[in-house]
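So the structure is just underneath, and the comments pick up after that.
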Amino acid sequence: TVESRSDAIPKMVVAFVALALAPLVVRVTRTNSRAASSPDQHRTVVLRGCPLPALPEAAPWYAPEGVRFECTQCGDCCTVEGDVWFDAQEATAVDAEVDGDWSDALALPGGYRRARRTEAGCHFLTSERACGIHAQRPAQCAAYPFWPRVLRSPATWREEATRCQGIQTNDDAAADVVDAGVVSAEAARWAAWLRRFPVGAAAAIEETERWARLVVELRLCPWAQQSLETPGATRYVCWDGVMSGDDTEEAAARVLVDEAQRLLESAAPDAAAITFVVFPGLFRDDFAAFNAWIEHLEDDVFAAAEVRPSCDEAGARGGRRHPQQHLAGDADEGATTVLADAVQLAGFHPAWQYGGLDPEDGVHFEKRAPHPTVSLVRTAAIRDAQHITARIAVDNERTLRDLDPDDLRCRFAALASMSSEGRDGDGRR
């Protein structure tokens with residue numbers, strides 16, 4: 001059948017219009033998924049470089065009626081999986097409220113701290129299932145249940161109701177109605193907090209913690225096992241040079257010297273203490289450069305740095321000292337010690353490769369970690385555990401070569417994949 005001209009003309013018009021519009025550039029910038037529920041976020045549409053009026057996001061599903069929620073103080077939200085995070089200001093407020101060290105040994109850029117979950121739930125959950133720091137509770141808790149992921153849809157809100165007694169999904173329920181504007185404001189406040197939070201650093205810490213547990217599971221380091229099993233003996237530090245404003249190798253070296261000094265001041269000489277300093281962005285794709293840097297740290301930086309001894313070490317030399325006491329110029333021959341003699345460092349890298357071995361040899365995994373990492377251990381403690389450390393290399397070689405190489409690679413890759421999903425809009429796992 002031959003197409004008539006009357007039928008063809010409309011199609012030609014459509015084709016010419018399509019050709020005319022083809023060069024137009026349309027760019028849509030979407031907001032970060034964590035902030036998608038914030039009412040002040042907009043999409044920006046650019047047509048031929050000329051901005052059109054911003055298109056506001058559609059009204060949230062709970063507008064304009066709001067939602068029914070009234071906290072029953074049941075404590076259920078304090079027993080779920082996951083940790084509670086505090087920024088520096090929130091942590092300072094809690095420090096003034098409680099006595100003792102309430103956070104785990106963790107250092108993230110910006111002074112963020114973490115209260116680890118106990119078997120019973122939140123660290124601050126009392127025996128009466130009440131919050132022990134309610135007046136100083138952080139934004140993560142204060143904004144619940146108005147978290148972006150909970151407010152994503154009516155379905156996610158109903159699902160959260162199975163975990164929170166205060167959420168009511170029945171219109172005839174007795175719970176108070178929370179205005180839609182208040183809900184959106186709380187969601188936006190928590191979303192803004194999350195945008196400031198160093199998610200990448202927290203994920204790097206989590207991956208390093210899982211790696212340390214895998215090392216213990218495979219019995220690659222009896223020393224790590226002692227440290228992980230001793231409360232407060234393991235410290236994790238994530239250094240982000242970009243956030244700190246100085247991403248040079250020298251700045252990273254200064255962090256290690258500071259952490260080594262801290263280790264000397266905070267632990268007894270024979271304590272099973274270990275510090276892992278994680279450098280996610282330093283030499284990640286260049287193992288050779290990382291290895292050269294480790295040698296530089298050992299031969300130059302730690303060999304030249306002088307540190308103050310701890311109270312116990314100074315006491316052993318005949319005179320007890322406060323660890324913060326300034327020792328420069330002291331006539332006492334034992335006033336300072338070379339850092340290389342006091343602290344032993346070891347490097348770990350995702351692509352660690354021993355020289356002279358087959359690239360597929362499982363022994364390489366002895367020194368592989370999810371991120372470029374340096375461990376710090378007191379030399380005195382290692383020296384006192386020679387009966388343990390002497391056989392580590394031989395035992396590890398046998399253990400790693402007995403394991404299937406593919407299984408090793410899969411287990412190692414899984415360390416990172418668990419964190420690649422990120423936090424689901426609430427700072428918890």
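These numbers come from a predicted model, not from an experiment.
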Query raised in the report: Should V374 and F279 be marked as a side-chain contact (heavy atoms from CB on, under 4.5 Å) after you check the CA-CA gap, both sets of side-chain angles, and the distance that decides it?
Result: CA-CA 8 Å; V374 176; F279 300 94; 4.0 Å; yes
Report task. Begin from the C-alpha positions of Q140 and W147 and carry the test side-chain contact (heavy atoms from CB on, under 4.5 Å) through to its verdict. Result -> CA-CA 8 Å; Q140 177 176 340; W147 291 343; 4.0 Å; yes
Query - Pair L297-L256, side-chain contact (heavy atoms from CB on, under 4.5 Å): steps then yes or no - result: CA-CA 9 Å; L297 291 172; L256 285 170; 3.5 Å; yes
Query raised in the report: Where do W193 and F197 land on the ring-ring contact (aromatic ring centres under 6.0 Å, His included) test, with the steps shown first?
Result: CA-CA 6 Å; W193 192 102; F197 182 75; 5.3 Å; yes
**Report entry** V278 and V237: CA distance, side-chain angles, deciding distance, side-chain contact (heavy atoms from CB on, under 4.5 Å) verdict
**Finding:** CA-CA 6 Å; V278 187; V237 179; over 6 Å; no
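To the nearest 0.5 angstrom, E306 atom CD is 10.5 Å from D341 atom CG. Here T208 contributes atom OG1 and L415 contributes atom CG; the two are 9.0 Å apart, rounded to the nearest 0.5 Å. Here the CG atom belonging to L403 is positioned 6.0 Å from the CG atom belonging to L218, to the nearest 0.5 angstrom. Going from atom CZ of R117 over to atom CZ of R114 covers 14.0 Å, rounded to the nearest 0.5 Å. Here the straight-line distance linking atom NE2 of H371 with atom SG of C238 works out to 7.5 Å at 0.5 Å rounding. Atom CG of L408 and atom NE2 of H364 lie 11.5 Å apart (nearest 0.5 Å).
A centroid separation of 6.0 Å or more is found between the aromatic rings of F146 and W190.
Closest of all the heavy-atom pairs between F348 and E366 is CE2-O, 3.9 Å. Among all heavy-atom pairs drawn from P138 and V84, the shortest one is CG-CG1, 3.6 Å. When all heavy atoms of R189 and A143 are compared, the pair lying nearest together is NH2-N, 4.2 Å. Pairing each heavy atom of L376 with each of L263, the nearest pair is O-CD2, 3.6 Å. In plain terms, the two heavy atoms of A180 and Y62 that are nearest each other are O-CE1, 3.6 Å. Summarising the geometry of A120 relative to L125, their closest heavy-atom pair is O-CD2, 3.9 Å, with the distance given to 0.1 Å.
Between R113 and D95, at least one side-chain nitrogen of the basic residue sits less than 4.0 Å from a carboxylate oxygen of the acidic one, meeting the salt-bridge criterion. A salt bridge is absent between R254 and E250: the closest approach of a Lys/Arg side-chain nitrogen to an acidic carboxylate oxygen does not fall below 4.0 angstrom. In summary, E90 and R137 do not engage in a salt bridge, as defined by a charged side-chain N under 4.0 Å from a carboxylate O.
A cation-pi arrangement is absent between R409 and F412, since the terminal nitrogen or guanidinium carbon is not both under 6.0 Å from the aromatic centre and inside a 45° cone about the axis.
Within 6.0 Å of CZ in R163 there are more than 12 heavy atoms belonging to other residues, nucleotides or ligands.
Side-chain contact between P372 and W293 is absent, with no heavy-atom pair separated by less than 4.5 Å.
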